[in-house]
Amino acid sequence: MAPSNDRLRSHRTLMLILLGFAFVMLRSAIDMISPWTSTVQFHSKPSQEVQHVVRSSDPATSSEESSTQFPKAEGERVKNSDKNQNDEKRMHKEVTRLEPQIMKTAGKGAWDDNGCQVRAGPFSPDQIQEVLKRPPPTGIAITLARNLDHNLHQKPPQYNFVCNNVPTQQAYLLEPHGMDLLILLEMKGVSMHDIATCLGLQSIEHDNVRVWTNLDGTTLTTHEYRSESGRGRVYLADFVMPYPDYIQRNMTILKEKMEDCPAPHDYVQGCRFYSGEALELGILQEYDYFLKLDSDIFLNATIPFNMLHDMRIQGSIYGHTGAFTNGLSACTKGIKAGRLAFEKMATDLSIRPEWVSKINWKGPCSAGVPKFERSVDEYYTNFVIMETKFWQSEPVRAFGKYFNEIYPGFFRYRWSDQPFFAVAMGLFVGPDFRKYTTDYTDLRCKHHPECWYFWGEWAENRTYCQSGGYFHHVKGLTEWTKEFPDIKPTRGETPFVNKVVQIC
């Protein structure tokens, strides 16, 4: 006997009531859970495939906090319904409306009306106490190990520098301070296996190879290891340092005579790296700071305070270990003229590069500051610390690209990155960029109590550490005991203050 229509209607009504009740219960459960889920911190690092990553402009913000990710274009997310499509259109429209503001703050710091980066400066005592409640900043050291100009029958000197000095850097700086290490390898006759073996690196079984997308669209493939102690993360990568575009178009330029400071082209290539290609590395996006740490830096003891924490509380974008009081004009011919040409190009309304329009840059932010106006060597740069947010900002990278494409430049006058850093800061930070630099010269092994270097001693005496110091610059090999101290640097409540009198 078939059920009556009244019975079918009553069954449908009962089912609708039950479904409605289930929906109410589900919404209630979600409302109870959401206050908890909204506070979850995701500690996984952001993917390099996502281009629009907004990172807090507050220097006190922990790098482990989750970032807000914006879509690159309409249609990236899966559309499961008409509602999802409409939501996505509204979001895309909002992102488009806010694009000028996003470009001025996303991962690059804030920019004022003159196109100068807004910096907070040193933290107040209350701000420092708040920072102490957060994890320390993240950092990675970069070592460019390269030498293509040597006899293949023996390992180059840079190989010995890496094998003898990098273990001291790991034991006394990187591991105690919680920093990672990236070694970019471009040495004739030396493989990643050679470096891993001499450093005693430990292989990891899974997911040890990663392809990073750099900011300029190129890629870098890294192989991940653990340090000999098992406490440090080390990335190794084969690397090819490209020549500037103008040389790639005309390689005969390399046959031209080098003026003033003759040096092999191979050496010049290494000097260019940190003013150009290093600033494009996608791997740096996962860190608050990165270090230029040359392989000829030998550490003697653990630096007792956390340098990254100190950089943060000082509001610093650049930490150095040696400054020239009145600048050093060796091998700097043509740099000021190149800088002035960059300023003219960038402020020419008929040219006006895209990055200029984004921040409305109107000219040097530290105009009149001698350390900027000289445009010569201002810092000795074999051990420096840089804030990623500033040094990977689009304006700084644009200047780095321009700086490396000046002809004649690096390969005529043997420029290096030493003048680049002061000039770049002077262009985009003001009114005096020196307020946002930190002097760590006291940590260097000094020959004279009032001077951090002594050129004449380098040729005669390579063990010139007479007045103490946590590290020194070796040009010869130093025996390494391979001891791994269990010393953890403290996070001080007061900024580090350098006591060296810079009279060099």
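Since this is a predicted model, take the numbers as computed values, not measurements.
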is_close_aromatic(Trp391, Phe290), centroid dist under 6.0 Å: no
Met187 vs Leu185, side chain to side chain contact (heavy atoms under 4.5 Å, CB included): CA-CA, chis, key distance, verdict: CA-CA 6 Å; Met187 282 192 279; Leu185 184 62; 3.5 Å; yes
Candidate pair Asn382 and Arg444, rule side-chain hydrogen bond (donor to acceptor under 3.5 Å, both in side chains), full reasoning: CA-CA 11 Å; Asn382 61 350; Arg444 185 180 287 272; 2.9 Å; yes
Met307 side chain near Leu173 side chain, heavy-atom distance below 4.5 Å: yes
Within 45° cone and under 6.0 Å: Arg210 NZ/CZ vs Tyr235 ring: no
Phe239 and Phe273 aromatic centres sub-6.0 Å: yes
Contact check, side chains of Ile335 and Phe420, non-hydrogen atoms, under 4.5 Å: no
Worked check of salt bridge (Lys or Arg N to Asp or Glu O under 4.0 Å) between Lys133 and Glu130: CA-CA 5 Å; Lys133 300 175 184 178; Glu130 182 63 28; 3.7 Å; yes
Centroid-centroid distance, Tyr379 to Tyr318, less than 6.0 Å: yes
Option from Asn498, Asp439, Thr381 for which side-chain contact (heavy atoms from CB on, under 4.5 Å) with His320 holds: Asp439
Centroid-centroid under 6.0 Å between Phe428 and Phe433 rings: no
Check against side-chain hydrogen bond (donor to acceptor under 3.5 Å, both in side chains), Gln117 and Tyr436: CA-CA 11 Å; Gln117 191 167 93; Tyr436 309 105; over 6 Å; no
Exam field: side chain Glu186 to backbone Met241, donor-acceptor pair closer than 3.5 Å: yes
salt_bridge(Glu387, Arg119) N-O dist < 4.0 Å: yes
Tyr267 OH to Ser416 OG distance, which is reported to the nearest 0.5 Å: 7.0 Å
Within-4.5 Å side-chain heavy-atom neighbours: Phe372 and Asp432: no
Reported OH-to-OH distance for the pair Tyr172 and Tyr470, which is rounded to 0.5 angstrom: 12.5 Å
Whether Asp180 side chain and Val234 backbone form a donor-acceptor pair below 3.5 Å: no
Nearest-0.5 Å distance, CG of residue Asp245 to CD of residue Glu405: 4.0 Å
Reported NZ-to-OG1 distance for the pair Lys488 and Thr302, which is rounded to 0.5 angstrom: 13.0 Å
Check against side chain to side chain contact (heavy atoms under 4.5 Å, CB included), Met251 and Ile247: CA-CA 5 Å; Met251 296 296 290; Ile247 288 184; 3.7 Å; yes
Side chain proximity check, Phe305 to Tyr440, heavy atoms < 4.5 angstrom: yes
Ring centers of Trp111, Trp361 separated by less than 6.0 Å: no
Check against side-chain hydrogen bond (donor to acceptor under 3.5 Å, both in side chains), Asp377 and Thr332: CA-CA 7 Å; Asp377 287 1; Thr332 59; 5.8 Å; no
Rounded distance (nearest 0.5 Å) linking atom CD of Glu280 with atom CD of Gln392: 7.5 Å
Residue pair Leu281 / Glu277, side-chain heavy-atom distance below 4.5 Å: no
Neighbour count >12 (heavy atoms, 6.0 Å) for atom CD, Glu354: no
Mutual orientation of the aromatic rings belonging to Phe410 and Phe403 [parallel < 30°, tilted 30-60°, perpendicular > 60°]: perpendicular
Candidate pair Ile385 and Leu308, rule side chain to side chain contact (heavy atoms under 4.5 Å, CB included), full reasoning: CA-CA 8 Å; Ile385 307 175; Leu308 301 184; 4.1 Å; yes
Inter-residue atom distance Thr143.OG1 - Asp296.CG, 0.5 Å rounding: 9.5 Å
Any Tyr413 side-chain heavy atom under 4.5 Å of Pro408 side chain: yes
Side-chain touch His309/Thr490, heavy atoms, less than 4.5 angstrom: no
Min side-chain heavy-atom separation Gln169-Ile297 under 4.5 Å: yes
Residues Lys401, Asp216: salt bridge by 4.0 Å N-O rule: no
